[in-house]
2 protein chains.
Amino acid sequence: MSQTVDRALSILPLLAQGPADLGQVAERLGVHKSTALRLLRTLHEHGLVYRQQDQRYRLGARLFALAQEAVENLDVREIAHPHLVELNESCGHTVHLAVYEEQEVLYIDKVESRYPVRMYSRIGKPVAITVAAVAKLLLADLSEPERRAVAEKLDYPMYTSRSTPNAGAFLKELTVVREQGWATDLGGHEESINCVGAPVRGADGRVVAAMSVSAPNVVVTAEELLTLLPLVRRTADSISREYSGTTRPRKA
Amino acid sequence: MSQTVDRALSILPLLAQGPADLGQVAERLGVHKSTALRLLRTLHEHGLVYRQQDQRYRLGARLFALAQEAVENLDVREIAHPHLVELNESCGHTVHLAVYEEQEVLYIDKVESRYPVRMYSRIGKPVAITVAAVAKLLLADLSEPERRAVAEKLDYPMYTSRSTPNAGAFLKELTVVREQGWATDLGGHEESINCVGAPVRGADGRVVAAMSVSAPNVVVTAEELLTLLPLVRRTADSISREYSGTTRPRKA
DNA sequence: AATGGGTGTTGCGCACGATGCAACGACGAC
DNA sequence: GTCGTCGTTGCATCGTGCGCAACACCCATT
């Protein structure tokens, strides 16, 4: 570990609390003013700190730019995949990963069931948005007015007798999902198929993706599938941690 | 300027482009692996980089948190946001907010167009400084020598045939913008996209941010877009008023 | 199993670069 | 004008970051 860098980086959280002048920085670092000056200069050249008119330093907009660029290059799919495989290996069922984009929910990854009976779905295909567990999870994270706007615009096809019948029921379901932090689809899309899912969250807590485990009745009952819920949530949380770059891969 | 810190900080933009392993980092820094390792470790301890399961490095959660705080310190953004949304609701086009910092112009907020055809841009990304309407507005407010100094240092890429060709033309354009109090970009960055923008001023009259409305030719012509100018200016003025009112002159 | 190329990691001696000091310059207050 | 405060600069000294080389490890190949 490098002392110089260590000191320089310690300046950042310090400035996050508010602007500070050279003297304050030097004092709080426990170094000579000239040292603090050199460190600040270096940070300044990289745009991480900004010097305002009164000569005090504050965090620079470049930080924001960096973070923004990083999220854009972050690939949930790549990060999630090994976790999905692992989950599939321990329970054997089909695992899906989906994202919300432009008023649509899309599957972006899938690990096939190891049982002979498989459900039909396809990566890149829009999800049955009013009934799928992953869709509920993704929409539940939107703001209340957004949820309402989307819900009003949707069609509510009755795939089965247990499909979500209308906007009112859908919004109610979203509220439940939002509170409990997980979702199910019990025969809402195809009579004989059940799903249980959980959300993947980014560093800011917003839901960036959702995953689910699906299995047909002939393999496991809905009750049995629900016993997988803790496992599914743990997996989703692992992905969230890795996606958001949390240093401690420990408890939620 | 500190060499060690300089090297360490150079790693950040490198990782913003995507995950990289130790060897790649060392190579791109032009240092020995062991040196890169020590730097990465230090960054890691501060949570700025995260080590994923395949041992590659990425930007970490702490950086996102810092970026968040950095942007919260720019209180123009908070104040402006509702106004931008309102403007978007009344005209439907993409709305941007940008600031000037350290020889760069950065988008710090954006409200997406409600039309299906959208333009590409990204908050946090440096703006095409020689052509964008917001860039002209921000630079036009600098003092004459500052403007000249910046103009000389810039490159003038010809994104299109209507891009600003050189420093002379740019300075002339800045003078015009300065006098008229608004700016345009008519196909200067992308052939089919036009923008019209206006400045946000602080209590002392200085330009603290700039906003613009952008739309592609296929949706509205340049002439039609220009009819929005009064609306854009009114919005910018509203933001200026609110910002001047709430800005607390701690030590102006 | 044994081999070899590819990683990341460690210990070390040397020299370079970061450090603190002191002196200087620029402002503002009184 | 004189102080006091704050940022800045040049410099000698020493600490610390540096590259090297050897090591540990994984996995693919044979």
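Hydrogens, waters and symmetry mates play no part in the numbers below; they use all other heavy atoms, side chains included. In what follows, every chain begins at residue 1, and chains take the letters A, B, ... in the order their sequences are listed.
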Quiz prompt | Contacts of type salt bridge (charged side-chain N to carboxylate O under 4.0 Å, His left out), residue A/Glu224, not counting sequence neighbours | solution = none
What is the separation between atom [atom1] on [X] and atom [atom2] on [N], rounded to the nearest whole Å?
| X | N | atom1 | atom2 | answer |
| --- | --- | --- | --- | --- |
| B/Asp54 | C/dG8 | CG | C1' | 13 Å |
| B/Arg56 | C/dT7 | CZ | P | 13 Å |
| A/Leu39 | C/dA18 | CG | C1' | 9 Å |
| A/Leu37 | C/dG20 | CG | P | 13 Å |
| B/Arg41 | C/dG11 | CZ | P | 10 Å |
| A/Leu29 | C/dT19 | CG | C1' | 13 Å |
| B/Arg38 | C/dC12 | CZ | P | 15 Å |
| A/Lys33 | C/dA23 | NZ | P | 14 Å |

Quiz item: Does a side-chain N or O from B/Thr4 land closer than 4.0 Å to OP1 or OP2 of C/dA18, or not?
Solution: yes
Practice problem: Ignoring backbone atoms, establish whether B/Arg7 has a side-chain N or O less than 4.0 Å from OP1 or OP2 of C/dA18. | Solution: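 Looking at the OP1 and OP2 atoms of C/dA18, neither is under 4.0 Å from any side-chain N or O of B/Arg7.
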Exercise. Just call it for A/Val31: base, sugar-phosphate, or nothing, with non-hydrogen atoms closer than 4.0 Å on any strand.
Key: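 The residue A/Val31 makes sugar-phosphate contact but no base contact.
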Quiz item: With a non-hydrogen cut-off below 4.0 angstrom, is B/Ser34 in contact with a base, only sugar-phosphate, or nothing?
Solution: base
Quiz item: Can you list the residues that meet the side chain to side chain contact (heavy atoms under 4.5 Å, CB included) rule with B/Arg51, with sequence neighbours excluded?
Solution: B/His44, B/Gln55, B/Tyr57
Quiz item: If you look at every heavy atom in B/Glu101 and A/Ala61, which pair is closest and at what distance?
Solution: OE2-N, 2.7 Å
Quiz prompt | Charged N-O contact under 4.0 Å between B/Arg178 and B/Glu144 | solution = no
Quiz item: Only one of A/Thr235, A/Leu228, A/Val232 clears side-chain contact (heavy atoms from CB on, under 4.5 Å) with A/Cys91; which?
Solution: A/Leu228
Quiz prompt | B/His46 side chain vs B/Leu48 backbone, donor-acceptor pair below 3.5 Å | solution = no
Quiz item: When the nearest nucleotide of DNA chain D is assigned to A/His32 and to A/Gln3 on a heavy-atom basis, which residue is associated with the more 5' position?
Solution: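 Nearest nucleotide further toward 5': that of A/His32.
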Quiz prompt | Donor on one side chain, acceptor on other, A/Ser244 and A/Thr246, under 3.5 Å | solution = yes
Quiz prompt | DNA chain D: 5'-most and 3'-most nucleotides touching chain B, 4.0 angstrom heavy-atom criterion | solution =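 Under 4.0 Å from chain B, the extent on DNA chain D is D/dG17 to D/dA21.
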